[in-house]
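To start, the structure itself, in structure tokens.
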Amino acid sequence: MKYLQQDLREKLYDAIKDEYDIKPGDIAFSIPPDRKFGCLSTTIPFIIAKKQKEKPFLIGNKIIEKIKDRLDMFSEIKLAGGGFINFYFKKGFLFKYLVENRDRQIKNKNHKMIVEHTSINPNKAAHIGHLRNACLGDTLAKMLRYLNYEVEVQNYLDDTGIQVADVVWGMMHYNLEEIKKIKGLASYLWHLYADVSKQLAGNDEFKAERNLVHQKIEDKIDPEYEISDYIAQEVLKDHIRVMDILGIRYDLLVRESDIIHLDFFKDAAEIMERINIMYPSKDPEKEGCQVIKYKKENIEKIIVRSNNTVTYIGKDIAYSMWKAGLFDKDFFYSTFHTYADTGKEIFITGSEGEDKEFNFGGGRTVYNVIGVRQSYLQNIISQEVIEPLSPEESEREAIHFSYEMVALTPRCVEEMGFEISAEDSKKPHVDVSGRKGIAVKADDLIEKLVVKSLQEVKLRDPDIAEERARRIAKDIAVGALRYFMIKFSSSSVIAFDFKDALAFEGDTGPYLQYTLVRINSILRKLEDKDAVFDARRLDLSLLEEKEYGILYEILLSLSLLEVQVELAVEKHEVSVAANYTYTLCQKTNHYYHLFPIVVEENREIKHIRINLILLVKQKLEKLLSIMGIPIPEKM
RNA sequence: GCACCCGUAGCUCAAUGGAUAGAGCAACUGACUUCUAAUCAGUAGGCUGGGGGUUCGAGUCCCUCCGGGUGCGCCA
């Protein structure tokens with residue numbers, strides 16, 4: 001349909017460009033709310049009317065006169081509502097078009113996208129907040145791959161940060177050998193981190209000790225360094241394990257320690273100084289500091305402190321510039337992990353080693369999936385650094401893929417046995433806090449989902465083999481979780497509650513899975529020779545009006561797959577795809593409930609229905625794979 | 001103070017400036033001897049926080065007020 005729309009836009013533009021002063025981009029199409037208004041519609045007469053002071057309906061009628069003989073896929077082109085031009089496809093056109101073009105490849109964009117997501121501090125197990133980040137980022141990456149961009153997924157590791165120093169300080173009464181014996185280190189550290197945070201709060205002596213530990217980690221002094229290095233790596237492995245359960249994978253792990261040791265900031269600073277983005281502040285309060293001006297809020301942000309150390313944002317600037325290919329320096333790389341099933345490797349940066357050729361970094365578009373609270377800093381990076389360094393229009397761009405936090409409902413906090421202050425209990429939701437230990441661990445949530453779906457599976461098939469049941473339960477759990485994490489628009493806070501997250505009915509991942517599982521089940525019951533695409537034998541006039549109407553809605557919906565995915569990427573809203581998939585499934589369920597397929601006796605009608613569900617199956621599989629929702633073998 | 005986000009059905013959320021504001025949950029009614037009831041059909045539920053404005057057309061854009069939340073550090 002995308003090609004159809006493009007084609008139509010060009011023809012329309014050619015027909016009217018001499019008479020009206022418009023650009024091809026002004027012509028947009030939408031699908032009208034009611035089929036009596038046709039299957040495609042444009043409001044171009046209104047747009048022209050605004051510019052040229054002529055009645056929209058007069059313009060519309062003129063346009064229709066010009067184009068009506070040039071477009072043979074339509075049976076009718078009508079003016080309605082005072083200026084809408086409504087197009088009516090010839091009966092059967094769309095179905096044939098979809099079947100014939102079902103394997104059409106999306107054009108290669110020759111454009112490298114880097115998506116940074118997950119980026120969890122490597123000092124404790126992952127929680128639901130991190131899951132939202134990873135699910136959004138992974139879905140975005142999968143969408144970009146579907147649209148045929150070159151995509152590289154990076155996960156940034158703040159291995160020298162204060163959070164790691166916190167837990168190392170808390171572990172200093174152990175030696176490395178003892179730490180290596182701890183089972184489930186990430187989960188152990190979860191509790192330790194909460195304890196440590198409590199101890200450090202308001203105790204300056206402890207904080208001074210912790211700061212010393214932090215310094216030793218940065219300077220690679222043992223045993224602090226070796227302990228921190230071990231912890232960061234073990235926790236990272238645990239994050240990779242959890243994310244892999246959800247089908248989330250990475251290409252490259254970038255360590256902050258390597259950015260520091262390779263002194264990336266020096267190269268970044270030289271470039272920024274050269275074009276005066278970064279300069280010494282004249283503000284007496286910021287004497288001796290290098291700053292960047294944030295024009296929108298008229299603020300000077302400190303990048304280099306008066307003691308010559310680089311701030312948090314300074315390091316991120318260096319990393320962002322490297323990601324966008326704005327300087328030549330590169331990391332060294334080695335393999336960190338190999339995925340058993342595909343044999344694909346995750347690489348990790350290093351600061352020394354063999355100087356081999358790798359193609360990491362150098363993205364034309366660089367997405368950073370990070371919470372909305374970081375907007376201020378991310379805006380500085382994209383507006384004040386990357387943009388000025390990319391003078392040609394959209395040559396390089398850094399995009400903050402922003403989302404709101406996952407919070408807990410007060411009820412949920414109480415359910416989990418945390419104490420809740422009177423103040424918090426009045427709020428609509430309570431912030432997740434790794435520091436306080438108030439959060440739902442990713443592992444625990446997944447386990448709860450698996451247990452619940454296993455119950456449901458066994459309820460439906462008491463004789464099912466244990467291993468098979470577990471496999472299916474896991475698929476359902478993953479589907480439920482991933483869908484839950486992306487179905488809300490990213491600007492709304494998710495007030496997490498087990499009741500909603502554990503739901504398997506209605507607007508949920510399992511609903512989508514169920515739709516496809518049933519289609520597969522129907523197809524299994526057909527003979528092989530029946531279950532084939534064949535566009536020549538689709539005589540839709542055989543269908544009664546009601547069936548034709550519902551079938552047509554599904555076809556229109558199917559035709560929008562690529563358009564919807566593009567829209568999701570453009571709007572930075574992966575929920576667009578989730579909602580789209582859900583309505584497609586609703587229509588499909590409605591359809592095959594009313595019109596049986598296997599038992600249909602009229603062979604031509606049966607053939608039409610089979611071709612429809614074959615199309616739905618193909619598109620739905622694509623959509624689910626984009627959202628990382630697995631397809632269970634049965635439900 | 002400056003910058004930003006949110007407010008839509010009882011609850012959780014949808015809706016490129018477009019035609020009659022839609023789903024799910026909860027409630028109520030109905031459909032399993034039928035290709036899988038994790039489904040489907042139906043009933044009920046709305047001054048889209050209030051007030052102005054722009055527009056042929058506003059839940060959507062602008063202004064203002066009310067209510068809720070966030071960011072603005074030589075922390076990360």
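All chains are named by letter (A, B, ...) in the order of the sequence lines, taking the proteins before the strands, and each is independently numbered beginning at 1. In this text, all values refer to a predicted model and were calculated from it rather than measured experimentally.
Regarding contacts with the backbone of B:rU36, every side-chain N or O of A:Arg524 stays at 4.0 angstrom or more from both OP1 and OP2. The phosphate of B:rC5 has neither OP1 nor OP2 within less than 4.0 Å of any side-chain N or O from A:Ser492. In this model, the phosphate group of B:rU36 is not approached by any side-chain N or O of A:Arg460 to a distance below 4.0 Å at OP1 or OP2. Proximity of A:Tyr580 to the phosphate of B:rA23: no side-chain N or O atom is located under 4.0 Å from OP1 or OP2. Under 4.0 angstrom from either OP1 or OP2 of B:rU39 there lies no side-chain N or O belonging to A:Asn589.
Classification of the A:Phe46-A:Phe84 ring pair by plane angle, with boundaries at 30° and 60°, yields perpendicular. Taking the six-membered ring for Trp and thresholds of 30 and 60 degrees, A:Phe484 and A:Phe496 have ring planes more than 60 degrees apart, a perpendicular arrangement.
A:Glu384 pairs by the side-chain hydrogen bond (donor to acceptor under 3.5 Å, both in side chains) definition with A:Lys295, not counting sequence neighbours. Qualifying ring pair (Phe, Tyr, Trp, His ring centres under 6.0 Å) partners for A:Tyr20, counting only residues two or more places apart in sequence or in other chains: none. Residues satisfying the salt bridge (Lys or Arg N to Asp or Glu O under 4.0 Å) test with A:Lys36, not counting sequence neighbours, are none. Residues meeting the side-chain contact (heavy atoms from CB on, under 4.5 Å) test with A:Asn579, sequence neighbours left out: A:Ser575. With sequence neighbours excluded, no residue forms a side-chain hydrogen bond (donor to acceptor under 3.5 Å, both in side chains) with A:Glu505. With sequence neighbours excluded, no residue forms a side-chain hydrogen bond (donor to acceptor under 3.5 Å, both in side chains) with A:Lys525. Partners of A:Tyr319 by ring pair (Phe, Tyr, Trp, His ring centres under 6.0 Å), not counting sequence neighbours, listed by chain and number: A:Tyr156. A:Asn520 meets the side-chain hydrogen bond (donor to acceptor under 3.5 Å, both in side chains) test with A:Lys617; sequence neighbours excluded.
In this structure, A:Phe484 reaches neither bases nor backbone, as no heavy-atom distance under 4.0 Å exists between it and the strands shown. Within the nucleic acid shown, A:Lys634 comes within 4.0 Å of at least one base atom, counting heavy atoms only. Within the 4.0 angstrom heavy-atom criterion, no nucleotide atom of any strand lies near A:Phe57. Among the protein residues, A:Tyr511 comes within range of the sugar-phosphate backbone only, with heavy atoms under 4.0 Å from sugar or phosphate atoms but none that close to a base.
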Q. In the 5'-to-3' direction, what one-character label does each nucleotide of nucleotides 68-76 of chain B receive under the scheme B = base within less than 4.0 Å of a protein heavy atom, S = sugar-phosphate only, - = no such atom?
A. --SBS-BSB
Q) Where each pair must be Watson-Crick or G-U wobble with both distances under 3.5 Å, what dot-bracket representation of RNA chain B is obtained, with crossing pairs in [ ] and other-strand partners as |? A) (((((((..((((....[...)))).(((((.......))))).....(((((..]....))))))))))))....
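B:rG22 and B:rU60: their C1' atoms are spaced 15 Å apart (whole Å). B:rA23 and B:rC40 have their P atoms separated by 12 Å, with the value rounded to a whole Å. For the C1' atom pair drawn from B:rA58 and B:rG24, the interatomic distance equals 27 Å after rounding to whole Å. Here the separation of B:rC6 from B:rU29, taken at their P atoms, is 40 Å to the nearest Å. Look at the P atom in both B:rC5 and B:rG42: the space between them is 39 Å, to the nearest Å. Separation of the P atoms belonging to B:rU16 and B:rC61 is 11 Å when rounded to the nearest angstrom. Separation of the P atoms belonging to B:rU70 and B:rA37 is 47 Å when rounded to the nearest angstrom. As rounded to the nearest Å, B:rU43 and B:rG7 have C1' atoms that lie 29 Å from one another.
A:Asn589 and A:Tyr511 share a side-chain donor-acceptor pair at under 3.5 Å.
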Distances under 3.5 Å between protein N/O atoms and the N/O atoms of nucleotides 26-32 of chain B, please, pair by pair.
none

Table of protein N/O atoms under 3.5 Å from nucleotides 17-21 of chain B N/O atoms:
residue : atom : partner : partner atom : Å
B:rA19  : N6   : A:Ser41 : OG           : 2.8
B:rA19  : N6   : A:Asn86 : OD1          : 3.2
B:rA19  : N1   : A:Asn86 : ND2          : 3.4
B:rU20  : O4   : A:Asp34 : OD2          : 3.3
B:rU20  : O4   : A:Lys36 : NZ           : 3.0

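The CG atom of A:Leu459 sits 14 Å away from the P atom of B:rU39 (whole-angstrom rounding). Atom CG in A:Leu523 sits roughly 11 Å away from atom P in B:rU36 (whole-Å rounding). Atom C1' of nucleotide B:rC5 and atom CG of A:Asn379 are separated by 13 Å, given to the nearest angstrom. Between the CG atom of A:Leu516 and the P atom of B:rA38 there is a distance of 16 Å, given to the nearest Å. The CD1 atom of A:Ile519 sits 15 Å away from the C1' atom of B:rA38 (whole-angstrom rounding). As rounded to whole Å, 13 Å separates atom C1' of B:rG1 from atom CG of A:Asn298. Between the NZ atom of A:Lys587 and the P atom of B:rA41 there is a distance of 13 Å, given to the nearest Å. If you take CD of A:Gln513 and P of B:rA38, they are 14 Å apart, rounded to a whole angstrom.
A heavy-atom distance below 4.5 Å is found between the side chains of A:Gln163 and A:Arg435. A heavy-atom distance below 4.5 Å is found between the side chains of A:Met635 and A:Tyr514.
Both A:Asn579 and A:Ile522 sit near RNA chain B, but only A:Asn579 has its closest nucleotide nearer the 5' end.
Counting all heavy atoms, side chain and backbone alike, A:Ala165 lies closest to A:Ile217 at CA-CD1, 3.9 Å. Shown here for A:Ile631 and A:Asp475, the closest heavy-atom pair between the two residues is O-OD2, 4.0 Å.
Listed nucleotides: B:rC5, B:rU12, B:rC40. Nearest to the side chain of A:His590: B:rC40. Distance from the side chain of A:Phe488 is smallest to B:rU12 among B:rA38, B:rU12, B:rU36.
With A:Phe498 as the aromatic partner, A:Lys448 meets the cation-pi criteria of under 6.0 angstrom to the ring centre and within 45 degrees of the ring axis.
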